[in-house]
Each structure stands twice: as C-alpha cells, then as structure tokens.
Amino acid sequence: MTATQTAGVEVPQAAARAAPVAAGVRMRRRPALVAVSVALVVLGALLSVWAYSSLGSAQPVVGVRQDVARGSVISASDLEVVRVGVDPALATVPADRLETLVGQRAAVDLQAGQLMVPTGVTQDVAPHKGMSVVGLALAPGQLPSQPLRVGDRVRVVSTPGQQGDVVAQDVRVFTASVVQVDAADVSGRISVSVEVAEQQAPELAARSASGKVALVVDAREG
C-alpha cells in the first residue's frame with residue numbers, strides 16, 4: 001500500500017482522501033398542513049373572544065332545576081339561578097324574583113333545564129267558588145293508561161252493582177276536572193284529586209270509597 005508523508009508521518013492514501021460531505025437534507029413543506037394549523041389557531045382565538053364576551057353579557061335569571069307538572073305547587077328546590085346571555089326579545093324572570101315564584105302553581109309543564117318565563121306560573125288555586133275537591137284512589141283498570149294531566153276534563157263513572165253487575169239505574173256520572181295526580185304507590189294505585197260541584201262532592205266521595213268507580217278522560221281539544 002502506498003502512503004503519503006505529512007509532517008514526517010506516513011498516512012495511507014485511502015485515509016488521506018477527503019471524506020464526502022453529506023448533502024443537507026431539505027425539509028418538504030406541506031402548505032395544507034400549515035393552513036390547517038393557522039385556521040385552528042384563529043378558531044381558538046375567536047372562541048376565546050366569544051366566551052369572554054358571552055360571560056360579560058350574561059344575566060342572572062331563574063331556571064327550572066327539576067320537572068314540575070302543570071298545576072303543581074312550585075318549591076324553592078324546583079328552581080335555580082343561572083347566568084346566560086339572553087335575547088332582549090325573550091321574556092325571562094330576573095334572579096331577584098325567584099322567591100316570588102315559590103308557592104305558586106305551574107301554569108304549564110315545566111322541564112328541567114329550561115328558563116322560567118313570567119307566564120309559567122299562576123295563582124289560580126282549587127277548589128274554586130262553588131266547587132269541591134274529591135280524592136280518588138284508582139287501580140290501573142279504573143283509569144286510562146295514558147298519563148293524566150292537571151286540567152284534564154274527566155267524568156267519574158260509578159257502577160256499584162252487586163257482585164260486579166252493572167245496573168243501569170245505579171250508574172252515576174260526575175263531571176270533573178283533574179287538579180292533582182300523584183305517583184303510583186307500590187300496589188300500582190294512583191291518587192287523583194278532581195274538582196266537582198260542591199253539591200255532588202259528598203256522593204262522589206262515598207261512591208269512591210267503595211272502590212267501584214272509573215275515570216274517563218274527555219277531549220283535550222278546544
């Protein structure tokens with residue numbers, strides 16, 4: 001092997017050759033990826049601005065914490081104060097009026113999560129003048145399977161025949177309206193309070209105690 005002398009030292013020619021220098025690696029740019037990254041940054045900034053402005057314009061209003069059936073008395077636990085950005089065209093109840101709603105009755109079915117509106121409550125109470133409220137304890141076969149609602153117009157039919165016989169002259173029908181519906185008990189019986197004319201209330205109460213009554217729901221239209 002031949003050698004080359006450098007400063008008196010023999011260096012092999014193979015080592016003396018200059019090692020090739022690796023060419024610089026060129027990074028490939030991806031315009032689409034860059035554009036997506038920029039868009040995400042801009043979107044994040046816009047969301048932050050929107051959240052900040054919404055928080056600043058939010059107002060404390062009354063919201064519904066849990067479902068309240070129409071006609072039921074509203075308790076403090078049914079309501080809550082929430083902060084939301086409200087459209088001026090929407091009628092809401094300010095938070096400082098929450099206490100004025102407690103003790104009133106729900107004019108409509110109130111759903112958890114919705115905002116309270118002034119027309120959502122009523123001071124109308126039963127029984128009205130000249131009317132009385134009678135309680136009925138009804139088994140599943142004594143009322144329709146569809147859920148009853150406060151305000152439903154109903155007829156209570158009494159057929160206290162001997163040994164289950166239906167005697168035409170014993171059939172009595174009482175026109176009424178539902179003022180309260182309780183949840184079914186362990187036996188499946190449902191307590192329903194109805195409003196009837198006060199002169200009919202004693203007879204309906206007596207017939208209801210026999211357990212031989214049935215409730216009929218009339219049209220809800222009009």
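Residue numbers start at 1 and run along the sequence shown. Here the structure is a predicted model, which is why all the values come from computation and not from measurement.
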Could you check whether any side-chain N or O of [X] sits under 3.5 Å from a backbone N or O of [Y], counting only pairs where one atom can act as donor and the other as acceptor?
X	Y	answer
Q114	Q111	yes
R153	A219	yes
D67	A112	yes
E195	H128	yes
D185	S187	yes

Mind listing the closest non-hydrogen atom pair of [X] and [Y] along with its distance?
X	Y	value
V81	P60	CG1-CB, 4.1 Å
A184	I190	CB-CG1, 3.8 Å
S132	A201	CB-CB, 3.6 Å
L215	V217	CD2-CG2, 3.9 Å

At what distance, to the nearest 0.5 angstrom, does [atom1] of [X] lie from [atom2] of [Y]?
X	Y	atom1	atom2	answer
F174	R207	CZ	CZ	5.5 Å
S77	Q66	OG	CD	5.0 Å
M116	L110	CE	CG	4.5 Å
R189	D182	CZ	CG	13.5 Å
R97	E99	CZ	CD	12.5 Å

Would you say [X] and [Y] make side-chain contact, with heavy atoms under 4.5 Å?
X	Y	value
V216	R155	yes
V117	T92	no
D218	V154	no
V82	L115	yes

Do the side chains of [X] and [Y] join up, straight or via other hydrophobic residues, at under 4.5 Å, putting them in one cluster?
X	Y	result
V62	V64	yes
V179	V196	no
V108	V102	yes
V181	V156	yes
M131	V194	no

Give the table of side-chain donor-acceptor pairs shorter than 3.5 Å for residues 133-142, with sequence neighbours excluded, one pair per line with atom names and distance.
residue	atom	partner	partner atom	Å
Q142	OE1	A139	N	2.8
Q142	NE2	G211	O	2.8
Q142	NE2	V213	O	2.8

Taking side chain to side chain contact (heavy atoms under 4.5 Å, CB included) as the criterion, tell me which of V93, V68, L101 meets it with V121.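 Only match with V121 under side chain to side chain contact (heavy atoms under 4.5 Å, CB included): L101.
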Donor-acceptor side-chain pairing of S158 and R172 below 3.5 angstrom: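 Judged by distance alone, the side chains do not pair up.
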